[in-house]
Asks: 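The structure is given below, and queries will be raised subsequently.
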Amino acid sequence: MSTSTTTSAPVAVTDKKEIEKSGGFTAAAANYLDERTSISAAVKELGRKIFPDHWSFLLGEVALYSFVIILISGTFLTFFFQASMAEVHYDGSYVPLKGVEMSVAMASTLDISFDVRGGLLMRQVHHWAALLFVAAIGLHMLRIFFTGAFRKPRELNWVIGFILFILAMAEGFTGYSLPDDLLSGNGLRIIDGMVKGMPVVGTWISFLLFGGEFPGNDIVGRLYSLHILLLPAIIVALIALHLLFVVVHKHTQYAGPGRTNQNAVGYPILPVYAAKAGGFFFIVFGVVMLIASLFTINPIWNYGPYDPSPVSAGTQPDWYIGFADGALRLIPPGLEFVWLDRTWSFNILIPLIVIGIFIVTVLIYPFIEAWITGDKREHHILDRPRNAATRTAIGAAGVTFYAGLWAAASSDIIATHFHLTMEGVIHTLQAITILGPFAAYFIAKRVCLALQKKDREIVLHGFESGRIVRLPGGEYIEVHQPIDEYERWRLVSYADFKPLMIRPDARGRITALQRLRSGLSRWFFEDRIIPVDQKEIDQAHGDHH
Amino acid sequence: MANDDNGGKDLTAADAHGARPSEASAGTAVVTRDAIGNPGFPPHRARMTDSDPTAERKAERSVYTLFYLSVVGSVWAIAAYIIFPIDAADPGSVRLNNLFIGLGLSLALLALGIGAVHWGKALMSDHEGIDIRHPVRGTEETRARAVEIFQEADQESGFGRRTLIRNSLIGALIAFPLPAVVLFRGLGPQDEDPVALLEHTMWKKGTRLAIDPSGRPIKASDVTLGSAFHVIPEGLQDLEHGKLEEKAKAAVLLMRLDPADLIEAPDRKGWSYDGIVAYSKICTHVGCPVALYEQQTHHLLCPCHQSQFDVTNHCEVIFGPAKRPLPQLPIAVDSEGYLIAQSDFTEPVGPSYWERH
Amino acid sequence: MPENRTPTAARGRKAGRRHPLASIALIAIGLLFTGGAYAAFSTSTASAETDMASQQTIEEGKKLFAANCATCHGMGAEGSEDGPSLIGVGAASVDFQVGTGRMPLQMQGPQAEQKPVQFTDEQTAALAAWVASLAPGPAIPEGELLDGEGDTANGAELFRINCAMCHNVAGAGGALTEGKFAPSLSGVSAKHIYEAMVTGPQNMPVFNDMNIKPEDKRDVITYLKYLDNNPSPGGIDLGSIGPVSEGLFLWIFGLGSIVALTVWITAKSN
């Protein structure tokens, strides 16, 4: 699959032969294993595989490691948790809930927290790691997006990754609901209300989901099956596929001297990458552990058991569901009608549809951009965000939109903590969610173009050194420090696109689709800064000398 | 494995984009004619640990110290497990148990991780290697052979030729998962109709209003001006089954206002008693309990999505995503002075649903 | 903090120094005037060991009221456009509003907020005694109702049903409409919690003794004291405001520290 050009390969082979000859225990064990598994082929193929090094390339690893932490701590929790909604009177150690009627699920979660040594720690590790898991996926996705790492041949891996993001949120929500506490119970009630708002099927889906009327006796058990069996199985399978594609494609790299679209420059898996990535797993685990030992998360003992009558001020979902909750809060009043003797709950449908469109757009973005550029080449060199100004601006707009919805989920907290009115916060966030993306788009695009211009200046004239020199003629000039050719390469090596011209097809017609494509292409590439070429450099130098 | 010296000698800018320049369309990308060339790898910079044996020894010491520290952390965690047991009589013991086991494990994990990374960074060879990339697509021969295999399989099976077999197979594959749809009907009770259930609550004519959670009935004289009572139907706490399901529909908030503040539509004239009004506590948006009653403004606020309802005016929506007012429970007083319901709610409570009209 | 006091408050304080009186006696005076009609209504009052009413204390309260409160509430506490009538609000209400610094109001806002207390205990008691003398109302609670030795579990359940929707399940407070809010209950004295329940200050509903019985109120106080005295078993509670603070913490400090570590991991060693 890959041809390593590392010159030390032959040395390794001789080493191996020597080891085999020496006939130690390791060699015997390796031989035993290889004769039964052919593992030497995998070692040969992958052992010296190169991984480019950059901090942002570790974000996906953070997600992977959080998932492993979740699996480990979650397995521990399953040994104690009982997913039953049967009613019991709590008889554990926590005094303020003694004798209170609650479900077995809630009581067993309290037992994990108050009667199993280290149980609360594992619960907190599990929950903090879950928050980190989704957050790391989000940040990883932003890195992929803004550097254009989703381009051919990695479009399908973007799709897989995005599905993983959705599944991670589903895992989070199902897990959040399991303790059957007041907070998560009200969360489920909101889900029930949203499901009921769906046309035609809503009432029945809710009825089947909850096994009868809300809340019923079944939902915790059903979510538990999804949470510990179905969803993790799909996630593990997709992670495997995601990583397989990383191996097949080889990792992308940033532009740099010596780096081309045909090579991958970095450290080999054995030993450096294994040490760093392996060590990083323990670091991520350690950070999660430290947070879990110092900071409370989801204090279900405060929330108490689910009861349909009470509710707590500040009832919010975990952060990753916040955008959906925010959308429900931001929707303007009065959007519900009775028409044709049926209820149309647009106050629920519009948020669902808007979020649906947003998710699908993000999911298929690589294909949209590929169609606009018509670029069918493989891309292994990452874009600097400034060099893809329109994409970066689109990303900034998307982030702003998401952030507006997300902030709306904490509108009440914002109001109390900044001494504002709740109504004012909501109206402001409505404006930000709708107008903010446009502002963010224009600002980001202008900033990118300005940065590109600055790069051009630096390439052509060097850095401003801050040193003022008086010429013999009395003229003052600032000395510009020319940049070295390695630094220069980082600034000039990017792809330049020009807008698509409309041309009639073979039958001399211009289709609407082509018009659309050329319109989009103009939108993307109208404003562009052409990379500096050799002639310009020579000219610039000629001016100076 | 040091490859820096031979890299980049025939690299050009054009190479940087497009795997094989001649193969794939570049779309609207501009291939610059006079592009600047890739300068190749910069000279390798040695680390302190490469050139200075003292630094190397120091790094080595740090790494194994960190690993030993990790062992200390693990031992600490085990010791903390024993030293800080959970004592049911002492609420602070859980906190100590959590804190000290956690800190021990954090030290074990962080020291292990930082030690390994430090080893990789400072002591292992820092010469970068190079892998050559190949186009992801298979070679022409491979692809040709793959096509050939499919053709042979088609020939040998007659998949394309024997259309009747093929189409009936597709039909069978489509049909076989359908029973699952029927099976899933079993998720909900077979003999119940959700729409009928949603239309009624436990309230009926004569049901006394009782305090949540004790179930103590409420006298009209108990409800003083400015009061808010959280109410359930009397008898709810004695239900054997479906207590929470009934409560989820029947929860009511009882408030007493100055009758002069109350606007009452003619058809609801008799629904209140001397300024005492009862409204469903279940939000008409998505069903959170709307229980935040402001006794001076007479506003009810839903803490989940901030819908606001005006109690003086039939709980009409004055802010937020909800559309419909909260349903009102018509109340009266029985011969003993207790508050009773005149009937069930006259409309379904809680969030809207498709069949609601 | 004397520098924060308004001139009226400073004057009030001076007056207080001239007439130091034992607060216990004043509470008793309040109780006497509350007695009668309200006692039949309320079983919340502590045992009424009543001394003879000190007309002097009431007179003192009247003077303080005229100097500090009458601008808004009227000379006879009959109320005006700027402040409600205080006839019949009882000693408990005055003790709560003045004893937590909410009154006198510094400026008009969405609601009166807790501030440094402007009057001495004696002055507060005098004001309460005068207002209580106008008409019967809830008295200042005392005795075992405030001892925090009740049934924590019952108190927690009542708190969730009656209080948590505004004050949050952990008593951390929450938002109301138009800039109003339900304050945090951590560190609030048992007496003030009790008084707030019986009087329903500002937009808080009244929880009279038929709704939440006096012993149930004691249980609610017991639960709140339990929360005050027992820090969260999981560690630092991040304000107990729920998933918002947890999410923000995770993004800023959790992911932030991990990103910082990734930069260290990939930086070339010296």
Side-chain angles (χ1 to χ4, degrees), chain A residues 53-59 62 95-100 113-114 120 124 128 131-132 135-136 139 182-183 276 279-280 283-284 287-288 291 293-299 301-304 307 309-319 322 409-410 412-413 415-416 419-424, chain C residues 110 151-157 159-162 164-182 222-223 226-227 230 232-251 253-255 257-259 261-268:
Chain A
D53 216 15
H54 189 269
W55 68 266
S56 68
F57 297 168
L58 295 184
L59 295 172
V62 179
V95 174
L97 289 173
K98 265 221 161 104
V100 173
S113 309
F114 292 102
L120 179 58
Q124 300 204 129
W128 279 120
L131 296 195
L132 179 65
L139 206 57
L182 185 59
L183 184 68
K276 282 188 174 184
F280 189 44
I283 289 176
V284 173
V287 169
V288 170
I291 292 174
S293 53
L294 293 175
F295 297 93
T296 308
I297 189 163
N298 197 24
W301 51 89
N302 282 343
Y303 299 126
D307 175 336
S309 168
V311 64
S312 173
T315 289
Q316 263 103 3
D318 274 344
W319 79 262
S410 49
D412 49 336
I413 308 273
T416 49
H419 288 278
L420 303 165
T421 68
M422 169 191 290
E423 294 81 359
Chain C
D151 178 349
T152 321
N154 183 46
E157 184 164 24
F159 185 82
R160 284 195 294 274
I161 288 175
N162 292 290
M165 74 292 264
C166 300
H167 288 286
N168 159 309
V169 280
L176 297 173
T177 68
E178 288 155 359
K180 299 187 286 294
F181 62 92
T222 306
Y223 175 59
Y226 181 93
L227 288 182
N230 293 287
S232 171
I236 297 162
D237 62 17
L238 299 173
S240 290
I241 54 169
V244 171
S245 57
E246 292 161 4
L248 274 182
F249 178 84
L250 187 275
W251 268 94
F253 295 98
L255 203 52
S257 61
I258 286 176
V259 166
L261 284 161
T262 64
V263 174
W264 169 69
I265 289 169
T266 50
K268 194 171 155 73

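Numbered from 1 within each chain, the chains take letters A, B, ... in sequence-line order. Keep in mind it's a predicted model, so treat the numbers as computed, not measured.
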Asks: Any non-hydrogen side-chain atom of C:W251 less than 4.5 Å from a side-chain atom of A:L131?
Replies: no
Asks: Quick one: does A:S312's side chain have a donor or acceptor within less than 3.5 Å of a partner on C:M165's backbone?
Replies: no
Asks: In terms of heavy-atom pairs under 4.5 Å with chain A, which of C:K180, C:E178, C:E157 leads?
Replies: C:E178
Asks: Can you tell which of A:L58, A:V62, A:V287 makes a side-chain contact (heavy atoms from CB on, under 4.5 Å) with C:L261?
Replies: A:V287
Asks: Check each atom of C:I241 against the heavy atoms of chain A and say whether the ones under 4.5 Å are side chain, backbone, both or neither.
Replies: both
Asks: What I'd like to find out is whether the side chain of A:P299 reaches to under 4.5 Å of the side chain of C:D237, using heavy atoms alone.
Replies: no
Asks: Which heavy atom in C:G247 sits nearest to a heavy atom in A:W319, and how many Å separate them?
Replies: CA-CB, 4.0 Å
Asks: Heavy-atom cut-off 4.5 Å, strictly under: side chain, backbone, both or neither for A:L420 against chain C?
Replies: backbone
Asks: Given heavy-atom pairs under 4.5 angstrom as the criterion, report whether the side chain, backbone, both or neither of C:L248 touches chain A.
Replies: neither
Asks: Going by heavy atoms in the side chains, are C:T266 and A:F57 under 4.5 Å from each other?
Replies: no
Asks: For chain A, which candidate among C:L238, C:V244, C:I161, C:L227 shows the most heavy-atom pairs at distances under 4.5 Å?
Replies: C:V244
Asks: Go through the atoms of C:T177 and report whether side chain, backbone, both or neither lie under 4.5 Å from a heavy atom of chain A.
Replies: both
